[in-house]
Amino acid sequence: MRWCATCWTWCARWSPGRVRCTRASWPGARWKLFHERRQLGTVRVTVDEVPGLPMIHADETLLQLALENLLRNAVQASPTGGLVHVALGSVPGGICLTVEDQGPGVSAGDAHRIFEPFFTTRTTGTGLGLAVVRRVVNAHGGTVSVGQRHGGGARFELRLPLQLEPRPLPPTR
């Protein structure tokens, strides 16, 4: 629990730097790390990246942390032999990253609370993973949303601008 408080305090005070990050440096790297750590179990992960994506100005380490949290949740939610799909594409003025799983999805009642610190539907876990994702994405001037995957499961979408647009973060609770 001490680690959780330290991590959350650090994220609450974080201010983004101007680190150049290429499209290939984080989705593929996170997937490989999960594979090497044998954290995938029987879940398969596919990564689709549109060729020629522009570089974005962002803190690469924190974006990797956000993606790792999304991947961990997707793998944990997926059934044995399930599929997690990660896609990275271009949108006007930025990039869009989606993570989809074949788990039970997110209920309408949980969708409005899922990014709150310490909110969890699991019997284990801290409820900080998605809160960290939101703070990292918001600090970069982006947005994160959750919805239902076509065919069942959850779909998380991150939209990040090409240029870092820091904005004031909401107070921590």
Side-chain angles (χ1 to χ4, degrees), residues 1 3-4 7-8 11 21-53 56 58-91 94-140 142-160:
M1 190 62 158
W3 176 87
C4 295
C7 178
W8 184 248
C11 284
C21 171
T22 63
R23 66 167 175 81
S25 63
W26 46 294
R30 289 299 97 185
W31 176 83
K32 288 176 186 171
L33 183 63
F34 266 63
H35 184 70
E36 290 168 3
R37 291 179 181 168
R38 301 191 190 285
Q39 290 179 309
L40 296 176
T42 61
V43 174
R44 296 169 296 137
V45 176
T46 61
V47 179
D48 290 330
E49 296 180 23
V50 172
L53 284 175
I56 62 171
D59 188 310
E60 183 177 358
T61 301
L62 287 177
L63 289 181
Q64 288 178 356
L65 175 66
L67 181 58
E68 187 170 335
N69 280 307
L70 287 175
L71 278 173
R72 181 178 302 110
N73 282 0
V75 167
Q76 290 174 351
S78 293
T80 301
L83 176 69
V84 171
H85 181 73
V86 179
L88 186 60
S90 184
V91 293
I95 62 169
C96 179
L97 174 97
T98 59
V99 177
E100 298 179 328
D101 65 53
Q102 295 178 327
V106 178
S107 73
D110 291 342
H112 74 280
R113 296 192 58 213
I114 200 160
F115 296 107
E116 291 178 10
F118 306 107
F119 176 77
T120 184
T121 59
R122 296 194 181 119
T123 55
T124 61
T126 62
L128 286 177
L130 293 175
V132 168
V133 169
R134 181 177 68 176
R135 290 196 65 83
V136 168
V137 171
N138 285 348
H140 282 84
T143 60
V144 60
S145 60
V146 61
Q148 299 301 319
R149 175 185 161 269
H150 182 69
R155 180 179 196 274
F156 287 86
E157 181 178 285
L158 280 63
R159 288 182 176 247
L160 298 165

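No experiment lies behind these values; they were computed from the predicted model shown.
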(request) Measure the shortest side-chain to side-chain distance between N69 and R72 over non-hydrogen atoms and say whether it is less than 4.5 angstrom. (result) yes
(request) For the residue pair L63 and L97, establish whether any side-chain heavy-atom pair is separated by less than 4.5 Å. (result) no
(message) Nearest 0.5 angstrom please: D110 CG to T121 OG1, how far?
(response) 6.0 Å
(request) Work out which heavy atom in L53 is nearest to a heavy atom in V50; give both atom names and the distance. (result) CG-O, 3.3 Å
(message) Suppose we screen for salt bridge (charged side-chain N to carboxylate O under 4.0 Å, His left out). Which residues come up paired with R155, at least two apart in sequence or across chains?
(response) E100, E157
(request) Please round to the nearest 0.5 Å and tell me the distance separating atom OG1 of T120 and atom CZ of R113. (result) 10.5 Å
(request) Compare every heavy atom of V133 with every heavy atom of A66, then report the nearest pair and how far apart it is. (result) O-CG2, 3.4 Å
(message) If I compare all heavy atoms of R122 with all of A77, which pair ends up nearest, and what's the gap?
(response) NH2-N, 4.3 Å
(request) To the nearest 0.5 angstrom, please state how far the CD atom of E68 sits from the CG atom of N73. (result) 11.0 Å
(message) Once side-chain hydrogen bond (donor to acceptor under 3.5 Å, both in side chains) is applied, do any residues pair with T124, and if so which ones, sequence neighbours excluded?
(response) none
(request) Determine the minimum heavy-atom distance between V137 and V144, stating which atoms define it. (result) CG1-N, 4.0 Å
For residues 78-88, tabulate all N or O donor-acceptor pairs below 3.5 Å that involve a side-chain atom, not counting sequence neighbours.
{"unit_1": "S78", "atom_1": "OG", "unit_2": "A74", "atom_2": "O", "d": "2.7"}
{"unit_1": "H85", "atom_1": "ND1", "unit_2": "T46", "atom_2": "OG1", "d": "2.7"}
{"unit_1": "H85", "atom_1": "NE2", "unit_2": "D48", "atom_2": "OD2", "d": "3.2"}

(message) When you compare the side chains of R135 and N138, does any donor N or O come within less than 3.5 Å of an acceptor on the partner?
(response) no
(message) Quick one, D59 and H140 - any side-chain contact, counting heavy atoms below 4.5 Å?
(response) yes
(request) Would you indicate whether the side-chain heavy atoms of F118 and L128 approach each other to under 4.5 Å? (result) yes
(message) As a quick check of understanding, evaluate side-chain contact (heavy atoms from CB on, under 4.5 Å) for L130 and F119, giving each step before the final call.
(response) CA-CA 9 Å; L130 293 175; F119 176 77; over 6 Å; no
(request) Using modelled atom types only, decide if a donor and an acceptor are shared between the side chain of D101 and the backbone of A154 within a distance under 3.5 Å. (result) yes
(request) Measure the shortest side-chain to side-chain distance between F115 and V146 over non-hydrogen atoms and say whether it is less than 4.5 angstrom. (result) yes
(request) Could you tell me which non-hydrogen atom of C96 sits nearest to which non-hydrogen atom of R159, and how far apart they are? (result) SG-CG, 4.2 Å
(request) State, to 0.1 Å, how close F156 and I114 come at their nearest heavy-atom pair, and which atoms those are. (result) CZ-CD1, 4.2 Å
